[in-house]
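Naming convention: chains lettered A, B, ... in sequence-line order (proteins, then strands); numbering from 1 in each chain.
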2 protein chains.
Amino acid sequence: MARVGVTVERLVAAAAELADEAGFDHVSISALARRFGVKDASLYSHVRGLKDLRTRLALYAGEELIDRIAAAVAGRSGKEALRAFAGAYRDYALEHPGRYAATQIRMDQALVADSPALHRTAQITYGMLRAYGLEEPDLTDAVRLLRSTFHGYCLLEGAGGFGADRDVQASWDKAVDALHLTLAHWPREQENDG
Amino acid sequence: MARVGVTVERLVAAAAELADEAGFDHVSISALARRFGVKDASLYSHVRGLKDLRTRLALYAGEELIDRIAAAVAGRSGKEALRAFAGAYRDYALEHPGRYAATQIRMDQALVADSPALHRTAQITYGMLRAYGLEEPDLTDAVRLLRSTFHGYCLLEGAGGFGADRDVQASWDKAVDALHLTLAHWPREQENDG
DNA sequence: CCCGCTACCTAGGGACTCTAGGCTATGACC
DNA sequence: GGTCATAGCCTAGAGTCCCTAGGTAGCGGG
């Protein structure tokens, strides 16, 4: 009985490929087993089950994503940093739709809390915003706005939600410009008279 | 053999409830059949299959959502309209997470094209933005930015993605204020020098 | 009244998750 | 170089789900 050499690492890497090829919700134990030429049941000695596999994939993808963002942002600040952040984010989401989808699943709060990727993400995002001179709670509000916009944009674009006859890259650039202005002129309380 | 009286309408309504209770991806033919006290196979005379059911649910939820938004926006303009739009959007997403998730699935392009809800959505959104005096392609860019931000915010909030110790409602209000300023001072080409 | 349609049924195939329990190749230790 | 533990793979089987094919019961219209 030849041993194929399945390990958790190879399993997660294969799951990542499979996610990008077939979509995140097509990542299944049996599909993965097929890919390794092995029976379903064999994978349960490496991974606790489908949920466990998907969680591992999510953490893996989250780390890849923040690595790319960190590399892009390094040495830049202000608008340059924002553009680099946004570009790296969107590129990853479009290049790796399955992995990106994986980063969005709801995980055990315990797992999320002590994930180093999450900490790095927060650190880098807050660091980037430092140039705009915001203070709490505006800082948190701004982070939420940025994350939401990036996330929503990539999801909608990936889902083919932008049907209009307008170049998406140009639209995205404009959105980033607009966000930059928003951050630079963040609404103060006295302006909040709408 | 007592007839329960299953119809497409009752099926979709039950699917909507089930989606909100158990999550969109727990909407299944068999769960629905159980709910009606009927065998799985019986539903296939009302609905072509799971995909068909989900598509119907998506269109149903999309119409509910735009109805709410239209009612909220009616008679308002500018910042008032933006706030009403945003509020109705987020309220729906939070009250009906399953239905909201349903609106985000990828559907047959043919079905999307002649969905009245989609047309109304576009109409109302562009109408709301008219107050800001934008012209194409800025108008489309602005619509995309708004949709992305609203969508991303609701998804992240719904998924428990906002862990920081800051009131989400206040954060949301601030984001809407920021978007208003963004629309009011939309970046022109000559400012795009960063 | 019975004919046809519709609403429901049984039966069954195929895919997937997961558990229980068994065999074997591999590497460590005597 | 034997033997032993364990890790890596297996078969078998239960349970869930989607979906098809073909059969039957209730209900309204001629």
Side-chain angles (χ1 to χ4, degrees), chain A residues 1-60 98-99 101-102 104-108 111, chain B residues 1-60 98-99 101-102 104-108 111:
Chain A
M1 233 157 267
R3 301 206 173 190
V4 181
V6 176
T7 63
V8 187
E9 289 74 27
R10 291 188 61 202
L11 222 46
V12 172
E17 284 176 24
L18 183 60
D20 286 340
E21 289 167 18
F24 177 67
D25 45 342
H26 284 73
V27 172
S28 67
I29 296 286
S30 48
L32 225 47
R34 265 196 302 278
R35 191 168 273 230
F36 279 96
V38 140
K39 299 290 169 185
D40 304 18
S42 307
L43 299 192
Y44 286 86
S45 40
H46 302 282
V47 151
R48 218 169 310 156
L50 184 61
K51 196 176 160 189
D52 180 39
L53 174 70
R54 289 188 168 167
T55 302
R56 286 172 193 273
L57 176 54
L59 293 174
Y60 172 87
R99 300 177 201 207
Q104 303 304 330
I105 62 167
R106 194 172 196 146
M107 294 187 282
D108 266 347
L111 278 170
Chain B
M1 228 160 274
R3 301 208 171 189
V4 182
V6 177
T7 64
V8 186
E9 290 73 27
R10 290 188 61 201
L11 222 46
V12 172
E17 282 176 25
L18 183 60
D20 286 340
E21 288 166 18
F24 177 68
D25 45 342
H26 284 74
V27 172
S28 67
I29 296 288
S30 48
L32 224 46
R34 265 195 303 278
R35 191 168 272 230
F36 278 94
V38 141
K39 298 290 168 185
D40 304 19
S42 307
L43 299 193
Y44 286 86
S45 39
H46 302 281
V47 151
R48 216 169 313 155
L50 183 62
K51 197 176 158 188
D52 180 38
L53 174 69
R54 288 189 168 166
T55 302
R56 285 172 193 274
L57 175 54
L59 293 174
Y60 173 87
R99 299 175 201 209
Q104 303 305 330
I105 62 166
R106 193 170 195 148
M107 294 187 283
D108 266 347
L111 278 170

Say you draw a straight line from CD1 of A:Ile105 to CG of A:Leu57; how long is it, rounded to the nearest 0.5 Å? 7.5 Å

Could you state the atom-to-atom distance from OH of B:Tyr44 to C1' of C:dC9 in whole Å? 15 Å

Interatomic distance, A:Tyr44 atom OH to A:Leu50 atom CG [nearest 0.5 angstrom]: 7.0 Å

Which distance, rounded to the nearest 0.5 Å, do you find between the CD1 of B:Ile29 and the OG of B:Ser42? 11.0 Å

Give, ordered by number, those residues of residues 5-27 of chain B having at least one heavy-atom distance below 4.0 Å to an atom of DNA chain C; if nothing qualifies, reply none. B:Gly5, B:Val6

Heavy atoms under 4.0 Å, any strand shown: does A:Ala31 hit a base, just sugar-phosphate, or nothing? nothing

Check: residues 6-27 of chain B side-chain donor-acceptor pairs under 3.5 Å, at least two apart:
unit_1: B:Thr7; atom_1: OG1; unit_2: B:Arg10; atom_2: N; d: 3.2
unit_1: B:Arg10; atom_1: NH1; unit_2: B:Val4; atom_2: O; d: 3.4
unit_1: B:Arg10; atom_1: NH1; unit_2: B:Gly5; atom_2: O; d: 2.7
unit_1: B:Asp20; atom_1: OD1; unit_2: B:Gly98; atom_2: N; d: 2.9
unit_1: B:Asp20; atom_1: OD1; unit_2: B:Arg99; atom_2: N; d: 3.0
unit_1: B:Asp20; atom_1: OD2; unit_2: B:His96; atom_2: ND1; d: 2.8
unit_1: B:Asp20; atom_1: OD2; unit_2: B:Arg99; atom_2: NE; d: 2.7
unit_1: B:Glu21; atom_1: OE1; unit_2: B:Arg35; atom_2: NH2; d: 2.7
unit_1: B:His26; atom_1: ND1; unit_2: B:Ala22; atom_2: O; d: 3.2

Between B:Ser30 and B:Asp40 the two heavy atoms that sit nearest each other are CB-OD2, 3.4 Å

Between CG of A:Leu43 and P of D:dT11 the distance, given in whole Å, is 14 Å

Report the residues that fulfil side-chain contact (heavy atoms from CB on, under 4.5 Å) with B:Arg106, sequence neighbours left out, ordered by chain and then residue number. none

Is there a side-chain contact between B:Ser42 and the phosphate of C:dC8, meaning an N or O under 4.0 Å from OP1 or OP2? no

Please, which pairs that meet side chain to side chain donor-acceptor pair (under 3.5 Å) have at least one residue in residues 45-54 of chain B, sequence neighbours excluded? B:Asp52-B:Arg56

If you compare every side-chain N and O of B:Ser28 against the phosphate oxygens of D:dT16 (OP1, OP2), does one of them come in below 4.0 Å? no

Got a sec? Which of residues 32-40 of chain A come in under 4.0 Å of DNA chain D, heavy atoms? A:Val38, A:Lys39

Between C:dC8 and B:Ser45, is there an OP1 or OP2 to side-chain N/O distance shorter than 4.0 Å? no

Near-strand residues of residues 46-60 of chain A, defined as heavy-atom separation under 4.0 angstrom from DNA chain C: A:Gly49, A:Leu50

For A:Ile29 and C:dC18, give me the distance from atom CD1 to atom P, rounded to whole Å. 6 Å

So which atom in A:Ala58 and which in A:Ala102 form the shortest heavy-atom distance, rounded to 0.1 Å? CB-O, 3.2 Å

